[in-house]
Amino acid sequence: MPEEAPVKPFTIGDPLDSPSQPVEVPDFDQEWTVDGGFTWVFYGEGNSTLTRPVIIADGFNHGKSKLKELYEFLEGEDYPFISELRRRGKDVILLGFNNRTDSIQTNSKAVEGAIREAIDRRAGSERLIVGGFSMGGLIARYTLARMETDFDGDEHQTGVYFSFDTPHRGASIPVGVQAFAYLLPYGLDLKPHPFEQQMNSPAARQMLWQHYDKKTQKIGVAPERTALLDELDRVGQWPRIPRKLAVANGRGDGIGLPDIDPGEVTLRLDVRYPGTTFYAQAQGDDVTVAYLNRQFPATERTITTSGFPELDGAPGGTLATYQILANSMTEAGGEVDLRHPHVCFVPSVSAVDIADFARQEDLYAKVDSLDPSSSGLDEFRCSPMTTPHTLPTEELCTWLMDRFSPTRPQ
C-alpha cells in the first residue's frame, strides 16, 4: 500500500496575506519596530515626511504578519486602496504583528506603539486615522478606548477610527471544522498542526462566537472571550474622542447565501478521513453538524449543536472555509465532495455592531432598517452584495475615504 502524502500546513483565517495576484510593492519610506509589531510607511502624494498618518492594522491568521502580501491584497485584489489613500495625501502605515494569534490585549501594545511613533514622527498636527481589517479593527478599537481610559487627556490624538469587516460581536467558523482541526496530524517538530494551533489560540478563542474546546469536547463561549468582553466593558466599549466608522462585506438587507440550505452537506471527505462529512448549520436541538472519522489513530466523533441559528448562509463577509479544507485534503491524496466552498464568517450585524447574533431573527435582520443608534459606531455601511471577508471593494473603500477627509485640492 503506497504511503499517504502528509497533510500540509494550512490555516483558515483572514485572506489578507493570500493575494490572488502579484502587485508591485514600492519601497517603503520608513520602517518602524514597535512592541510586538512592525510597520511599513508609505508617504502620501506631495509629502516628504510623515504628515497625515493612516494606521492600518493587520488581521487574524497564523504566525507573523506578512506586510508584502498585505500590501498586495489591499492594492490589487479588487480596488487600489493604498494608492487611492496616497493620492488623497494620506500617509499609509501598514502595521503587522509578531504573532497574529496572540490575544487582543497583547497585540494592543503594537497598535499603541504605532500610534505613539506616528505622533512623535509626524510633522504638523494632523490628527491620526487609526483602524484595521478584521481582527485589526478590533485591536485598534480596544487600544483607542484603553488609552482614553488609562491615560489623561487626548493621548492617542486620533480623529477617525475605522474597521473593515471586523467581528465586533464575534465571528463564526463552523464548530465541526473547529473539531476537525484536532484530528490533523502533528508535524515532524512534534507540534500540533498549524490549523489546530490557530483554532486553539488566544485570538481565536476571543473572537469566535462559539468555540469547540479540545479538552472537554464541548461547545460554548470560551473563557478568553468572556474576559475580553469584560475588558471592553472596563474601557467603555468604544473610544469616545474619534469619529467611528465601519464597513461590512456582508449585505444589509437580510440576504446572505440563499444557496446554502440548513442541514445539507457542505463537504464530504474520503480516504484518510473516510466518510467525514460536514453539514450546514441548522436550527434546533441535537443538530448534527459534522461526522468525523480518522483512520489512524482511529477516532470517530459526531459533533452536534443546540440552539444555534443558521450561521453558514447568513448575511455577512464570507470565508472560503470548506474550499481551503478540501484543497488541503486533495493535496494529501484524499478525495473530496465539495458542495459549498464559502460560508459566512463575520455576520453583517457583527461587523457594524448593531446586534448580537445568537437568535435567528437578529442574525438575519435587515441592518439597513434598524435603528443605527443601537450600534457603538457613528456611521456604517454594508456591501450591496455578499463579498469575501475583508475584500477592499471600490464602494466600501471610497465610502471610508470620503469620510476620512476631503480630497486634497489639486
Side-chain angles (χ1 to χ4, degrees), residues 7-13 15 170-185 192-196 198-200 204 208-214 217-220 256-296 298-314 316-347 357 360 363 386 388-389:
V7 178
K8 295 180 180 179
F10 71 91
T11 58
I12 297 177
S172 172
I173 289 180
V175 291
V177 175
Q178 295 182 45
F180 182 73
Y182 302 112
L183 301 187
L184 293 169
H193 190 279
F195 184 40
E196 175 180 339
Q198 185 188 27
M199 288 299 95
N200 204 33
L208 288 173
W209 170 69
Q210 295 285 299
H211 183 264
Y212 180 89
D213 187 86
K214 177 182 180 180
Q217 298 182 22
K218 292 183 178 180
I219 301 164
L257 300 167
D259 292 341
I260 298 180
D261 292 326
E264 72 174 348
V265 173
T266 54
L267 174 64
R268 181 175 284 119
L269 308 179
D270 209 344
V271 184
R272 183 178 302 227
Y273 299 92
T276 289
T277 306
F278 302 92
Y279 303 91
Q281 181 66 61
Q283 298 184 76
D285 294 329
D286 294 323
V287 172
T288 297
V289 293
Y291 166 72
L292 309 179
N293 184 31
R294 181 178 62 189
Q295 284 186 313
F296 182 80
T299 305
E300 189 176 8
R301 272 179 208 148
T302 298
I303 309 300
T304 62
T305 62
S306 294
F308 275 44
E310 296 165 4
L311 287 159
D312 294 333
T318 62
L319 199 61
T321 304
Y322 290 111
Q323 182 73 70
I324 295 169
L325 187 54
N327 289 348
S328 69
M329 294 299 109
T330 301
E331 290 175 1
E335 297 178 3
V336 304
D337 177 10
L338 176 62
R339 311 280 183 86
H340 294 290
H342 303 84
V343 292
C344 175
F345 178 50
V346 176
F357 54 89
Q360 178 80 359
L363 178 62
T386 299
H389 174 58

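The first residue of the sequence shown is numbered 1, and numbering continues consecutively from there. Worth knowing before you read on, the calculation uses all heavy atoms, side chains too, and leaves out hydrogens, waters and symmetry mates.
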With sequence neighbours left out, write down each residue that passes side-chain hydrogen bond (donor to acceptor under 3.5 Å, both in side chains) with [X], or none if nothing qualifies.
X	value
Thr299	Arg294
Glu335	none
Thr386	none

May I ask you to check whether Glu331 and Asn327 show a side-chain donor-acceptor distance below 3.5 Å?
->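 Side-chain D/A pair, Glu331 to Asn327: absent.
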
Any residue meeting side chain to side chain contact (heavy atoms under 4.5 Å, CB included) with [X], in chain and number order, not counting sequence neighbours:
X	result
Pro309	Trp209, Leu311, Gln360, Leu363
Asp213	Arg205, Lys215, Thr216
Ile303	Val175, Ala179, Tyr212, Ile219, Val289, Ala290, Leu292, Arg301
Asn293	Pro274, Thr276, Tyr291, Glu300

Are any non-hydrogen side-chain atoms of Cys344 and Asp312 less than 4.5 angstrom apart?
->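 Not touching, per the 4.5 Å side-chain cut-off.
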
Can you find a pair of side-chain heavy atoms, one from Thr321 and one from Phe345, that are under 4.5 Å apart?
-> no

Check [X] against [Y] and note the closest heavy-atom contact, atom names and distance.
X	Y	value
Phe357	Gly170	CE2-O, 3.6 Å
Val336	Ala326	CG1-O, 3.8 Å
Pro388	Thr318	CA-OG1, 3.4 Å
Ile173	Gln178	O-NE2, 2.8 Å
Ala181	Glu196	O-CB, 3.5 Å

To the nearest 0.5 Å, tell me how far Asp270 CG sits from Met329 CE.
->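 One finds 12.5 Å between CG of Asp270 and CE of Met329.
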
List in chain and number order the residues that pass ring-ring contact (aromatic ring centres under 6.0 Å, His included) with His211, two or more places apart in sequence or in another chain; answer none if no residue qualifies.
->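 Not a single residue meets the ring-ring contact (aromatic ring centres under 6.0 Å, His included) criterion with His211.
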
What residues, two or more places apart in sequence or in another chain, satisfy ring-ring contact (aromatic ring centres under 6.0 Å, His included) together with Phe180?
-> Tyr273, Phe278

Which residues satisfy the salt bridge (charged side-chain N to carboxylate O under 4.0 Å, His left out) test with Arg339, sequence neighbours excluded?
-> Asp337

Name all pairs fulfilling the side chain to side chain donor-acceptor pair (under 3.5 Å) condition that reach into residues 256-266, sequence neighbours left out, sorted by first residue then second.
-> Glu264-His340

Sequence neighbours left out, cut at 3.5 Å: what donor-acceptor pairs do the side chains of residues 279-288 make with other protein atoms?
unit_1 : atom_1 : unit_2 : atom_2 : d
Gln281 : NE2    : Thr305 : OG1    : 2.9
Gln283 : NE2    : Glu310 : OE2    : 3.1

